[in-house]
Colleague: 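First the structure, which I've put down as structure tokens, then a few questions once you've had a look.
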Amino acid sequence: NGVWMNLSGNDTGDWAGTNTINGVAVNTNNNLVYTGLDAGKFGVYNHSNGVWMNLSGNDTGDWAGTTPTKGVAVHTNDNLIYTGLQSGKFGVYRTDLFSGGGAGTLTSPYEISDCIQLQNMSLNLNVNYELVNNIDCSDTINWNSGAGFVPVGTTDTSFFKGSLQGNGYNITDLYIINNTAGVGYGGLFGYAINATINDVHLKNVYVEGKFPSIGGLVGAFADNGTIANSSVSGNVTSKKGAGGYAGGLAGWIWKNNLVPTVFNSSFTGNISASSNQGIGGLVGWSNGIINYSFANAKINSTNADVGGLVGINDVNSSVVGIIDNSYSVGNVSSTGISALRIGGLVGNNNARVLHSYSTANVSGLSSVGGLVGDSDGTSNNILNSYACGDVVILKNSGQGGGLIGYSTGGGSVNYSYSAGIVSRPTGTGIAGVGGFVGSDKEGTGNYYNFSFWDSEIVGGFYNDTAS
């Protein structure tokens, strides 16, 4: 999908201002290619060796071995140039140009009206796009030998840094699968830096693979970018293993020079991850700002740092991750010998949770909390937040609490409460199980202020193991 150019030397677009030699239009930006009529041959003239080529895929010379596509000869050494007859235009087809309307500017974005044009955002990662109608991507399950849609901006060296305005339209049935380890990042956008994604809604998405970071909307999102007023529903399955992040909306949101923001956005659906560390209903790992957002997710994992909203809410240098006015519902479950730091809202919290809550039910081996699995470090702060989901501790000696599973010291909890049922296998005692905090390693009880729990349901404040 791209742009066809006619043979007029006065044509608009990339062919504007071309010269005409012996009745042949010449693209001065590519002096190896001429198009026109000469000695009865209507095709491509290769100026480097002075040979006219016809449209046969079996032609000799530079076009030998080309593969005709819909009757059009394709030069395999220059995938920007096609020749043939298309919609009455016999000339040159530029696959490097976006075929929709608009100019790619902020005031006149390129217009996306179908899934092929959505894929062709990859042609130019530095411009602005918008949806002009609902986009049906159901055919992507048949693309690329079953691999589906190719994420836009695949790596940290080839990343998307433009914008996509969804205008409230839906992208439905997007299919992405790549189980080859180490190949790019997974999502509608693979890797985006300083990008703006607004009012984009993915319905019934399916993303699966061994991507180092995977999400329904974006695999990795960095710097001064913004995801706003956007939603994803469907299924995200990570098969990366150790070191990979997975989230319903985004796998990895991180600060490099500036702080990325997620605002008024959501995920609804299922997340499955085997050996990853950093799995969240909305975001896998974040040290950005998440405001007014939610996840309604069923999460199944076999590893650590799993949260109903964010897997790891972290600190990077002086930048502290913030979750504010956000919530999670659903079910968070992790099994296996590494199922540690499992939380209804955040699995591993080293940063700030403000005015947020979780009603998700949570189960894990140890460090299991209704709101936060593990609360760690002096930067962690929980304010005006609560949890009402049930907490199930699978290990006989595991720690778990109605709000926090395990507090390893230094932070503070203010104006917060818990009201879920906390349980552990019968006959294992109450050490490390608490209605509010399962265990406080540093014994920092003075850091809990103006907070309460339903003692009739969940028991005492905390029962420290002194471990």
Colleague: Using modelled atom types and a 3.5 Å cut-off, is there a donor and acceptor pairing between side-chain atoms of Ser122 and backbone atoms of Asn120?
Modeller: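 No; judged by distance alone, with no hydrogens or angles, the pair does not exist.
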
Colleague: Under 30°, 30 to 60°, or over 60°: which ring-plane class applies to Trp285 and Trp252, parallel, tilted or perpendicular?
Modeller: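 Correct class here is perpendicular.
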
Colleague: Ring pair (Phe, Tyr, Trp, His ring centres under 6.0 Å): which pairs involve residues 328-347, sequence neighbours left out?
Modeller: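 Passing the test, one end in residues 328-347: no pairs.
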
Colleague: Verify whether one side chain among Asp314 and Asn287 offers a donor that lies under 3.5 Å from an acceptor in the other.
Modeller: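 Note: Asp314 and Asn287 side chains miss the donor-acceptor criterion.
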
Colleague: Are the side chain of Ser301 and the backbone N or O of Ala339 linked by a donor-acceptor pair below 3.5 Å?
Modeller: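 No: the side chain of Ser301 does not pair with the backbone of Ala339.
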
Colleague: With a 4.5 Å cut-off on side-chain heavy atoms, are Arg341 and Asp376 touching?
Modeller: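 No, their side chains stay 4.5 Å or more apart.
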
Colleague: Write out all pairs satisfying ring pair (Phe, Tyr, Trp, His ring centres under 6.0 Å) with one or both partners inside residues 136-166, taking only residues at least two apart or from two chains.
Modeller: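 Listed by first then second residue: Phe160-Phe189.
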
Colleague: Just wondering, do Asn381 and Leu354 contact through their side chains at under 4.5 Å, heavy atoms?
Modeller: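 With C-beta onward as the side chain, the pair touches.
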
Colleague: Going by the side-chain contact (heavy atoms from CB on, under 4.5 Å) test, name the single residue among Ile342, Asn361, Leu345 that passes it with Val332.
Modeller: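 Testing each of Ile342, Asn361, Leu345 against Val332, the sole residue satisfying side-chain contact (heavy atoms from CB on, under 4.5 Å) is Ile342.
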
Colleague: Do Leu125 and Ser158 have side chains that get closer than 4.5 Å, going by heavy atoms?
Modeller: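 A side-chain contact exists here, since the closest heavy-atom pair is under 4.5 Å.
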
Colleague: Please report the shortest heavy-atom distance between Ile253 and Pro260, naming the atom on each side.
Modeller: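 Smallest interatomic distance, heavy atoms only, reads CG2-CG, 3.4 Å.
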
Colleague: Please step through side-chain contact (heavy atoms from CB on, under 4.5 Å) for the pair Val422 and Ile393, ending with a clear verdict.
Modeller: CA-CA 8 Å; Val422 182; Ile393 307 154; 4.0 Å; yes

Colleague: For a quick test of reading the model, state the closest non-hydrogen atom pair linking Ala387 to Leu371 and the distance between them.
Modeller: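 In terms of heavy atoms, the two residues are closest at CB-N, 3.6 Å.
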
Colleague: Minimum heavy-atom separation for Ser328 to Ser358, with atom names?
Modeller: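 Shortest heavy-atom separation between Ser328 and Ser358 comes out as OG-OG, 3.0 Å.
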
Colleague: Say you draw a straight line from CD1 of Ile404 to CZ of Phe436; how long is it, rounded to the nearest 0.5 Å?
Modeller: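 Reported to 0.5 Å precision, the distance equals 6.0 Å.
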
Colleague: Quick check: does any side chain N or O of Arg352 sit under 3.5 Å from a backbone N or O of Val320, one acting as donor and the other as acceptor?
Modeller: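 Pair absent, no side-chain N/O of Arg352 close to backbone of Val320.
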
Colleague: Under 3.5 Å, is there a donor-acceptor pair between the side chain of Ser385 and the main chain of Ser356?
Modeller: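 Judged by distance alone, yes, a pair lies under 3.5 Å.
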
Colleague: Mind checking what makes side-chain hydrogen bond (donor to acceptor under 3.5 Å, both in side chains) contact with Asn144, not counting sequence neighbours?
Modeller: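 In terms of side-chain hydrogen bond (donor to acceptor under 3.5 Å, both in side chains), with neighbours along the sequence ignored, Asn144 is linked to no residue.
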
Colleague: Of all the heavy-atom pairs spanning Val132 and Ser113, show the shortest one and how long it is.
Modeller: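 For Val132 versus Ser113, the nearest heavy atoms are CG2-CB, 3.7 Å.
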
Colleague: According to side-chain hydrogen bond (donor to acceptor under 3.5 Å, both in side chains), who are the partners of Ser231, at least two apart in sequence or on a separate chain?
Modeller: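 Here the qualifying residues are His201.
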
Colleague: Please report the interatomic distance CG(Asn331) to NZ(Lys298), rounded to the nearest 0.5 Å.
Modeller: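 That separation rounds to 7.0 Å.
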
Colleague: Looking at Ile421, is its backbone amide N or carbonyl O close enough to the side chain of Asp390 to form a donor-acceptor pair, meaning the two atoms are under 3.5 Å apart?
Modeller: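 It does hold such a pair.
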
Colleague: If I compare all heavy atoms of Ser366 with all of Gly398, which pair ends up nearest, and what's the gap?
Modeller: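 Of all heavy-atom pairs spanning Ser366 and Gly398, the closest is OG-CA, 3.3 Å.
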
Colleague: Between Asp199 (side chain only) and Gly168 (backbone N and O only), is there a donor and an acceptor less than 3.5 Å apart?
Modeller: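 At least one qualifying donor-acceptor pair exists.
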
Colleague: Do Thr237 and Tyr206 touch side chain to side chain, with heavy atoms closer than 4.5 Å?
Modeller: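 Sidechains of Tyr206 and Thr237: in contact.
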
Colleague: Measure the OG-CD distance between Ser338 and Gln277 for me, rounded to the nearest 0.5 Å.
Modeller: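 The CD atom of Gln277 is 7.0 Å from OG of Ser338, to the nearest 0.5 Å.
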
Colleague: Using 0.5 Å steps for rounding, measure from the OH atom of Tyr417 to the SG atom of Cys388.
Modeller: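 It comes to 4.5 Å.
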
Colleague: Only one of Leu249, Val310, Ile227, Thr261 clears side-chain contact (heavy atoms from CB on, under 4.5 Å) with Ile290; which?
Modeller: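 Of the listed residues Leu249, Val310, Ile227, Thr261, the side-chain contact (heavy atoms from CB on, under 4.5 Å) partner of Ile290 is Val310.
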
Colleague: When the aromatic ring centroids of Phe211 and Tyr185 are compared, is their separation below 6.0 Å?
Modeller: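 No; Tyr185 has its ring centre 6.0 Å or more from that of Phe211.
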
Colleague: Atom CD1 in Ile197, atom CG in Leu217: separation rounded to 0.5 Å?
Modeller: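 One finds 4.5 Å between CD1 of Ile197 and CG of Leu217.
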
Colleague: Ser265: what forms a side-chain hydrogen bond (donor to acceptor under 3.5 Å, both in side chains) with it, not counting sequence neighbours?
Modeller: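 Testing Ser265 for side-chain hydrogen bond (donor to acceptor under 3.5 Å, both in side chains), a comparison that skips the adjacent residues, returns none.
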
Colleague: Evaluate the criterion side-chain contact (heavy atoms from CB on, under 4.5 Å) for residue pair Asn198 and Ser163; output intermediate values, then yes/no.
Modeller: CA-CA 8 Å; Asn198 183 54; Ser163 70; over 6 Å; no

Colleague: Side chain to side chain donor-acceptor pair (under 3.5 Å) between Ser451 and Ser416: does it pass, once the steps are laid out?
Modeller: CA-CA 5 Å; Ser451 298; Ser416 299; 4.7 Å; no

Colleague: Checking Glu208 now: which residues fulfil salt bridge (charged side-chain N to carboxylate O under 4.0 Å, His left out) with it, not counting sequence neighbours?
Modeller: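 Partners of Glu208 by the salt bridge (charged side-chain N to carboxylate O under 4.0 Å, His left out) criterion, ordered by chain and then number, come out as Lys239.
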
Colleague: Backbone N or O of Thr226 within a donor-acceptor pair of the Thr196 side chain at under 3.5 Å?
Modeller: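 Absent.
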
Colleague: Would you find a donor on one side and an acceptor on the other, under 3.5 Å apart, between the side chain of Asn128 and the backbone of Gly104?
Modeller: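 Judged by distance alone, yes, a pair lies under 3.5 Å.
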
Colleague: Would you say Tyr191 and Thr155 make side-chain contact, with heavy atoms under 4.5 Å?
Modeller: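 Side chain of Tyr191 against side chain of Thr155, heavy atoms only: no contact under 4.5 Å found.
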
Colleague: Side chain of Ser326, backbone of Ser293: donor and acceptor closer than 3.5 Å?
Modeller: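 Present.
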
Colleague: Output, in order, the C-alpha distance, side-chain angles, deciding distance and verdict of side-chain contact (heavy atoms from CB on, under 4.5 Å) for Leu282 and Phe294.
Modeller: CA-CA 7 Å; Leu282 191 75; Phe294 75 89; over 6 Å; no

Colleague: Distance from Trp254 atom CH2 to Ile193 atom CD1, nearest 0.5 Å?
Modeller: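 If I round to the nearest 0.5 Å, the distance is 6.0 Å.
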
Colleague: Any side-chain donor paired with an acceptor under 3.5 Å for Asn170 and Thr172?
Modeller: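 No pair is found: no donor N or O on one side chain lies under 3.5 Å from an acceptor on the other.
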
Colleague: Does the side chain of Leu164 come within less than 4.5 Å of Ile112's, by heavy atoms?
Modeller: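 In short, these two side chains touch, coming nearer than 4.5 Å.
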
Colleague: Should Ile289 and Phe263 count as side-chain neighbours, where that means a heavy-atom distance under 4.5 Å?
Modeller: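 SC-SC contact between Ile289 and Phe263 ruled out.
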
Colleague: Taking C-beta and beyond as the side chain, do Asn179 and Ile177 meet within less than 4.5 Å on heavy atoms?
Modeller: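 In short, these two side chains touch, coming nearer than 4.5 Å.
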
Colleague: Quick one: does Ser375's side chain have a donor or acceptor within less than 3.5 Å of a partner on Ser407's backbone?
Modeller: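 No; zero donor-acceptor contacts below 3.5 Å.
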
Colleague: Between Gly308 and Ala295, what is the shortest heavy-atom contact and its length?
Modeller: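 Nearest pair, atom of Gly308 first, then Ala295: O-CB, 3.4 Å.
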
